[in-house]
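Remember, predicted model here, so these are calculated numbers, not experimental data.
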Amino acid sequence: MNRALLVIDVQESFRQRDNWRHVSNPAIVDRVNRLVTAARADGDLVVWVLHNEPGSGGVFDPAGGFVRLIEGLEPEPGEPMVHKTAHNAFTTTNLQQTLTTHGVREVVISGIRTEQCCETTARVASDLGYEVTFVTEATATTPLPHWDAPADRSADEVLADPRTLQTDEIIARTEYALAGRFATIRTVGEVAGTLTRS
């Protein structure tokens with residue numbers, strides 16, 4: 001076993017937000033499941049990552065009950081479940097130790113959000129010496145408000161703002177930033193070993 005699939009933050013927390021209506025990839029659970037099935041068939045490690053913000057009172061506070069995988073994702077016995085409090089999956093967890101214990105040298109990145117926890121994890125993994133495959137098709141994000149926009153706007157108001165970064169722009173920017181520097185960009189079909197694109 002020298003490869004691990006990281007499933008990052010595909011959790012109910014995001015579905016509780018107003019902006020989930022505008023998510024880039026409504027089929028993320030199906031696409032992640034294709035990767036999970038392929039990883040298990042190849043004998044690769046599958047690592048599940050959940051984001052926690054204890055005491056925040058928000059949708060990422062474990063006390064609220066939403067810090068759980070979205071329905072349709074089912075870890076198998078023995079597959080690690082990592083709980084993080086930082087954007088990347090390494091800094092506040094034992095992920096690196098887990099990967100080292102299993103002899104992992106390559107990580108495959110999937111999850112939510114494309115440009116945030118997924119991209120950040122890919123960058124850190126690369127700096128730690130892992131070969132990184134970034135499966136953009138198995139990530140998801142939502143429109144990104146301008147940095148100085150009011151924080152209390154509705155998802156529709158964010159979407160209507162011409163300064164908002166739309167999901168296709170976010171995805172393109174992430175791929176440009178990662179490709180050839182931090183990761184190799186692959187499709188679900190390529191990683192799953194099939195000839196068809198998801």
Side-chain angles (χ1 to χ4, degrees), residues 1-14 25-52 67-114 116-141 171 174-175 178-198:
M1 180 184 296
N2 61 10
R3 184 169 58 181
L5 170 65
L6 307 185
V7 181
I8 301 170
D9 301 352
V10 188
Q11 64 193 72
E12 187 62 31
S13 308
F14 286 104
N25 187 359
I28 186 166
V29 169
D30 293 337
R31 292 180 180 183
V32 167
N33 269 327
R34 283 186 62 193
L35 295 178
V36 169
T37 298
R40 288 171 178 163
D42 288 345
D44 294 340
L45 183 67
V46 179
V47 181
W48 305 87
V49 181
L50 292 174
H51 186 76
N52 295 259
V67 181
R68 65 180 190 272
L69 295 171
I70 292 177
E71 185 177 351
L73 296 175
E74 295 290 338
E76 288 191 345
E79 292 178 344
M81 178 74 72
V82 174
H83 293 266
K84 67 180 179 64
T85 56
H87 293 300
N88 77 81
F90 288 95
T91 304
T92 60
T93 71
N94 67 344
L95 177 58
Q96 187 177 7
Q97 180 183 3
T98 298
L99 298 180
T100 299
T101 299
H102 287 87
V104 170
R105 295 187 301 276
E106 177 187 353
V107 294
V108 177
I109 306 288
S110 65
I112 305 173
R113 298 175 47 142
T114 307
Q116 191 167 313
C117 296
C118 294
E119 180 178 335
T120 306
T121 298
R123 288 171 178 261
V124 173
S126 175
D127 282 349
L128 290 172
Y130 294 98
E131 182 179 340
V132 181
T133 299
F134 195 88
V135 189
T136 315
E137 287 183 332
T139 69
T141 193
I171 291 165
T174 294
E175 290 186 335
L178 292 179
R181 299 174 182 86
F182 300 98
T184 300
I185 310 298
R186 294 280 183 255
T187 66
V188 172
E190 287 170 338
V191 173
T194 66
L195 298 177
T196 58
R197 187 180 173 108
S198 176

Enquirer: Which of these passes side-chain hydrogen bond (donor to acceptor under 3.5 Å, both in side chains) with His51: Arg113, Lys84, Gln116, Gln11?
Expert: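 Filter result, single survivor: Lys84.
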
Enquirer: Restricting to side chain to side chain contact (heavy atoms under 4.5 Å, CB included), what partner residues turn up for Thr133, sequence neighbours left out?
Expert: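 Checked Thr133 against side chain to side chain contact (heavy atoms under 4.5 Å, CB included); matches are Glu106, Val108, Val135, Arg186, Val191.
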
Enquirer: Quick check for you: to the nearest 0.5 Å, what is the distance between His87 atom NE2 and Ile8 atom CD1?
Expert: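 That separation rounds to 13.0 Å.
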
Enquirer: Taking all heavy atoms of Leu35 and all of Ala138, pick out the closest pair and write down the distance.
Expert: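 Result for this residue pair: CD1-CB, 3.5 Å.
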
Enquirer: Can you tell me how far NE2 of His102 sits from CZ of Arg3, rounded to the nearest 0.5 angstrom?
Expert: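 Output value for this atom pair is 15.5 Å.
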
Enquirer: Check Ala125 against Val132 and note the closest heavy-atom contact, atom names and distance.
Expert: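 Closest approach of Ala125 to Val132, heavy atoms only: CB-CG2, 3.8 Å.
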
Enquirer: The criterion is side chain to side chain contact (heavy atoms under 4.5 Å, CB included); which residues satisfy it with Ala38, sequence neighbours excluded?
Expert: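 For Ala38, the residues satisfying side chain to side chain contact (heavy atoms under 4.5 Å, CB included) (neighbours in sequence not counted) are Ala192.
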
Enquirer: Which heavy-atom pair separates Ser126 from Phe182 by the least distance, and what is that distance?
Expert: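 Reported closest heavy-atom pair: CB-O, 3.4 Å.
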
Enquirer: What's the shortest heavy-atom distance between Asn33 and Gly72, and which atoms?
Expert: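 Heavy atoms of Asn33 and Gly72 come nearest at ND2-O, 2.9 Å.
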
Enquirer: Just to verify, which of Val104, Val7, Leu6 counts as forming a side chain to side chain contact (heavy atoms under 4.5 Å, CB included) with Val47?
Expert: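 The residue from Val104, Val7, Leu6 that satisfies side chain to side chain contact (heavy atoms under 4.5 Å, CB included) with Val47 turns out to be Leu6.
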
Enquirer: With a sphere of 6.0 Å drawn around CD of Glu76, does it hold more than 12 non-hydrogen atoms of other residues, nucleotides or ligands?
Expert: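 More than 12 heavy atoms, drawn from other residues, nucleotides or ligands, come within 6.0 Å of this atom.
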
Enquirer: Tell me, please, which residues at least two apart from Thr139 pass side-chain hydrogen bond (donor to acceptor under 3.5 Å, both in side chains).
Expert: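 Partners of Thr139 by the side-chain hydrogen bond (donor to acceptor under 3.5 Å, both in side chains) criterion, ordered by chain and then number, come out as Thr114.
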
Enquirer: Tell me whether the count of non-hydrogen atoms from other residues, nucleotides or ligands lying under 6.0 Å of NE2 in His83 goes above 12.
Expert: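 Yes, enclosed.
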
Enquirer: For a quick test of reading the model, state the closest non-hydrogen atom pair linking Thr85 to Thr92 and the distance between them.
Expert: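 What the structure gives for the nearest pair is N-OG1, 3.0 Å.
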
Enquirer: As an exercise, state the distance from CG of Asp9 to CG of Leu50, rounded to the nearest 0.5 Å.
Expert: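 Spacing of CG (Asp9) from CG (Leu50) equals 7.0 Å.
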
Enquirer: Nearest 0.5 angstrom please: Ile109 CD1 to Thr121 OG1, how far?
Expert: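 Ile109 CD1 to Thr121 OG1: 5.5 Å, rounded to 0.5 Å.
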
Enquirer: Does anything in residues 89-102 form a salt bridge (Lys or Arg N to Asp or Glu O under 4.0 Å)? List the pairs, not counting sequence neighbours.
Expert: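 Not a single pair qualifies under salt bridge (Lys or Arg N to Asp or Glu O under 4.0 Å).
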
Enquirer: Can you see which heavy atom on Gln96 is nearest to which on Tyr130, and at what distance?
Expert: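 That closest heavy-atom pairing would be CG-OH, 3.6 Å.
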
Enquirer: So, do Ser13 and Val67 sit near enough that their side-chain heavy atoms are less than 4.5 Å apart?
Expert: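 Yes, at least one pair of side-chain atoms sits under 4.5 Å.
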
Enquirer: Could I get the full list of side chain to side chain contact (heavy atoms under 4.5 Å, CB included) partners for Gln97, not counting sequence neighbours?
Expert: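 Asn94, Thr101.
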
Enquirer: Using a 3.5 Å distance criterion without hydrogens, assess whether the side chain of Asp42 forms a donor-acceptor pair with backbone atoms of Asp44.
Expert: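 Checking the backbone N and O of Asp44 against the side chain of Asp42, no donor-acceptor pair under 3.5 Å is found.
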
Enquirer: Determine, step by step, whether Asn88 and Arg123 satisfy the side chain to side chain contact (heavy atoms under 4.5 Å, CB included) criterion, reporting the C-alpha distance in whole Å, the side-chain angles of both residues, the deciding distance to 0.1 Å, and the verdict.
Expert: CA-CA 9 Å; Asn88 77 81; Arg123 288 171 178 261; over 6 Å; no

Enquirer: Who pairs with Thr37 by side chain to side chain contact (heavy atoms under 4.5 Å, CB included), at least two apart in sequence or on another chain?
Expert: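 Partners of Thr37 under the side chain to side chain contact (heavy atoms under 4.5 Å, CB included) test: none.
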
